[in-house]
Amino acid sequence: MSSPINISAPGKVSYSSLSVSPSATFHSPPASQGQSFMASNLAHRAAPKHLKPFNTEDIKILLLENVNQTGQDILKGQGYQVEFQKASLPEDQLIEKIRDVHVIGIRSKTKLTAKVLAEAKNLLVVGCFCIGTNQVDLDYAAKHGIAVFNSPFANSRSVAELVIAEIITLARQLGDRSNEMHRGTWNKVSNKCWEIRGKTLGIVGYGHIGSQLSVLAEAMGMVVIYYDVVTLMAIGSARQVPSLDDLLQQADFVTLHVPETPETKNMISAKQFEKMKSGAYLINASRGTVVDIPALIKASRAGKIAGAALDVFPNEPAGNGDYFNAELNTWGDDLRSLSNLILTPHIGGSTEEAQRAIGVEVADALVRYINQGITLGSVNLPEVNMRSLTLDEPNHARIIYIHRNVPGVLRKVNEILADHNVDKQISDSKGDIAYLMADVSAVKPEDIKDIRDNLDALSSRVLTRILY
Ligand SMILES: NC(=O)C1=CN([C@@H]2O[C@H](COP(=O)(O)OP(=O)(O)OC[C@H]3O[C@@H](n4cnc5c(N)ncnc54)[C@H](O)[C@@H]3O)[C@@H](O)[C@H]2O)C=CC1
Ligand SMILES: O=C(O)CCC(=O)C(=O)O
């Protein structure tokens with residue numbers, strides 16, 4: 001399939017104060033700044049080229065799940081058509097909408113399955129305005145030339161801070177005391193209320209969030225142990241333990257920070273609750289599938305665990321409202337009846353700081369990809385970067401050829417480009433898919449069609465884009 005649009009825009013490196021991620025800071029100026037940007041740079045030999053045709057208004061973007069204003073502003077600033085919705089969409093409505101768009105921006109709820117993506121004939125790129133990408137069929141997307149970007153750690157600190165709050169809240173039974181006071185009941189007790197100083201925190205998954213949490217927990221006087229499938233450097237005095245069972249047997253608080261994968265499904269179930277210390281606490285701010293909720297209900301009723309905090313659930317509502325009911329999850333009422341249980345609506349990453357930073361980071365990545373074909377930060381395509389074309393290169397074109405990673409492709413591509421001077425060329429692969437970018441000079445407008453047709457005719461082709 002060929003992209004229906006030759007997408008292009010001026011490129012520029014700029015640094016934004018909003019983003020916490022180094023890769024978040026590289027973005028093109030708004031299309032509306034194109035003229036003055038160009039004028040002020042005409043004198044410079046290496047000024048980025050205003051690629052043509054400049055049809056940014058042809059780019060249709062659908063943003064779901066209340067993507068932050070920062071992201072919306074960057075995309076609208078490019079002149080793209082941006083449609084914004086607060087909630088996610090059920091599959092049938094999503095399929096209707098996705099047929100028409102070149103870009104979709106989502107958070108954790110929108111399921112971009114192979115079935116949905118198969119209908120997205122114009123889709124170039126997906127922006128996950130969050131960390132997790134388990135909601136997207138990444139393999140299907142890559143095989144159909146659809147790039148996927150996320151924000152790998154802009155909300156990690158927010159999740160870690162939430163977990164610290166939950167550890168103290170559980171240890172002091174603050175949720176129950178507060179609920180009682182709301183009902184007019186004064187219940188001043190110290191029975192089974194604890195300081196967290198000296199208690200052991202067991203972190204399952206010592207990645208961005210787990211390791212950030214480790215630092216905060218030690219500062220509060222906790223002893224930190226962690227379990228991870230990878231051997232990882234301990235931060236501070238934390239200590240890696242060899243197995244999940246080891247962690248469960250030692251920890252007073254168990255907190256989960258693993259991705260949703262087949263291996264992490266029901267990672268904490270009846271057997272694991274058995275292994276936990278009596279009176280321990282469980283916190284899950286990772287994904288709802290990681291904890292077997294009926295087993296948690298049993299362990300809590302049996303007094304095996306003294307409390308739990310859940311931020312994520314196997315089935316979560318598409319938007320805000322009175323939807324967290326037994327219809328959504330059959331065990332809903334049983335869960336709600338437990339004491340010392342904190343329930344939050346997937347707000348681990350929901351802070352102003354995190355959402356603003358994510359908005360900038362993902363929108364910048366989308367602009368870079370749409371306008372220049374750069375895949376830095378992509379989670380499903382090889383990461384390829386190339387400097388912008390400049391004003392000194394008026395008859396250049398940027399060829400982007402996403403293809404199956406099979407022998408002989410480069411030879412065939414270079415045969416097609418043989419009559420042009422290839423100024424620069426980069427190719428990289430990830431699994432079955434490879435990404436080639438080449439800037440060629442002395443390209444006449446009529447050459448563009450020939451190059452595209454010839455590339456499209458190759459059996460290895462997944463997607464051809466030409467920016468000029
Ligand atoms: N509640 C919320 O709002 C948020 C939830 N999340 C969830 O938290 C998860 C973790 O986030 P990060 O720390 O940024 O991810 P990360 O990728 O930096 O770290 C995950 C760690 O888990 C480890 N791991 C993977 N499979 C494992 C297994 N079977 N057993 C033990 N360790 C395993 C990995 O080796 C890695 O060190 C995300 O995948 C996402 O699902 C992320 C952000 C916000
Ligand atoms: O804030 C969100 O919508 C999702 C947060 C999350 O779970 C993630 O970043 O993976």
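We're numbering straight along the sequence, starting at 1. Numbering of ligands and ligand atoms starts at 1, following listing order.
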Exercise for the section: Return yes when atom CG of Asn320 has more than 12 non-hydrogen atoms of other residues, nucleotides or ligands closer than 6.0 Å, and no otherwise. Expected result: no
Problem - Which residue and heavy atom of the protein sit nearest atom 5 (C) of ligand 1, plus the separation - result: Ala285 O, 3.1 Å
Fill in the blank from the handout: Here the pair of heavy atoms bringing Asn68 nearest to Gln355 is CB-O, 3.3 Å
Handout entry: Flag, side chain of Gln135 to backbone of Arg107, donor-acceptor distance under 3.5 Å
Key = yes
Problem - Salt-bridge present (Asp333, Arg336; N to O < 4.0 Å) - result: yes
Exercise for the section: Please write down residue, atom name and distance for the protein heavy atom closest to atom 25 (C) of ligand 1. Expected result: Pro259 CD, 3.4 Å
Handout entry: Thr264-ligand 1 polar pair, N/O distance under 3.5 Å
Key = no
Handout entry: NZ/NE/NH1/NH2 to OD/OE distance under 4.0 Å, Asp139 and Lys143
Key = yes
Exercise for the section: Give the residue and atom name of whichever protein heavy atom lies nearest to atom 7 (C) of ligand 1, and the separation in Å to one decimal. Expected result: Ser286 O, 3.5 Å
Practice task
Quick one: look up the protein heavy atom nearest atom 19 (O) of ligand 1 and list residue, atom name and how far away it is.
Solution key: Gly207 CA, 3.2 Å
Problem - Those atoms of ligand 1 less than 4.0 Å from some heavy atom in Val230 - result: 35 (O)
Handout entry: For atom 23 (C) of ligand 1, the protein heavy atom that lies nearest, with its residue and separation
Key = Asp228 OD2, 3.2 Å
Exercise for the section: Assert yes or no for the condition that the ring centre distance of Phe324 to Phe313 is strictly below 6.0 Å. Expected result: yes
Handout entry: Residue pair Ile131 / Asn155, side-chain heavy-atom distance below 4.5 Å
Key = yes
Handout entry: Whether Tyr227 lies under 4.0 Å from ligand 1, heavy atom
Key = yes
Exercise for the section: Give a yes/no on ligand 1: does His346 have at least one heavy atom closer than 4.0 angstrom to it? Expected result: yes
Handout entry: atom 17 (O) of ligand 1 touched by protein (heavy atom, under 4.0 Å)
Key = no
Exercise for the section: Would you mind checking which non-hydrogen protein atom is closest to atom 38 (C) of ligand 1, with the distance to 0.1 Å? Expected result: Ile131 CG2, 4.1 Å
Problem - Carboxylate-amine/guanidinium contact Asp137 Lys111, below 4.0 Å - result: no
Problem - Location of contacts on Ile209 toward ligand 1, heavy atoms closer than 4.0 Å - result: both
Problem - Carboxylate-amine/guanidinium contact Lys277 Asp252, below 4.0 Å - result: yes
Practice task
Scan side-chain atoms only and decide if Asn122 and Arg99 contain a donor-acceptor pair under the 3.5 Å cut-off.
Solution key: no
Problem - Donor-acceptor pair, side chain of Tyr281 and main chain of Thr255, under 3.5 angstrom - result: no
Practice task
Give yes if a backbone or side-chain nitrogen or oxygen of Gly205 is under 3.5 Å from a nitrogen or oxygen of ligand 1, and no if not.
Solution key: no
Problem - Ser158 side chain vs Ser350 backbone, donor-acceptor pair below 3.5 Å - result: no
Completion exercise
Closest to atom 27 (C) of ligand 1 by heavy-atom distance, out of Asp311, Val229, Thr344, Val290, is Val229
Fill in the blank from the handout: The protein heavy atom nearest to atom 15 (O) of ligand 1 is His208 N, 4.5 Å
Problem - Between Asp292 and Gln272, a side-chain donor and acceptor under 3.5 Å - result: no
Exercise for the section: Tell me, yes or no, whether the heavy-atom count around Lys97 atom NZ, taken from other residues, nucleotides or ligands under 6.0 Å, exceeds 12. Expected result: no
Practice task
Could you see which bit of Asn155 sits under 4.0 Å from ligand 1, with heavy atoms only: side chain, backbone, both or neither?
Solution key: side chain
Completion exercise
For His257, the atoms of ligand 1 under 4.0 Å from one of its heavy atoms are 10 (C), 20 (C), 21 (C), 22 (O)
Practice task
Can you tell me which residues line ligand 2 if we count any heavy atom under 4.0 angstrom from one of its atoms, in chain and number order?
Solution key: Arg107, Ser108, Cys130, Ile131, Gly132, Asn155, Arg287, His346, Gln355
Handout entry: contact_flag Met267 ligand 1 heavy-atom lt 4.0 Å
Key = yes
Exercise for the section: Ignoring hydrogens and angles, state whether a donor on the side chain of Gln212 or Ser156 is under 3.5 Å from an acceptor on the partner side chain. Expected result: no
Fill in the blank from the handout: Nearest heavy atom to atom 9 (C) of ligand 1, choosing from Leu213, Leu244, Val258, Val159, belongs to Val258
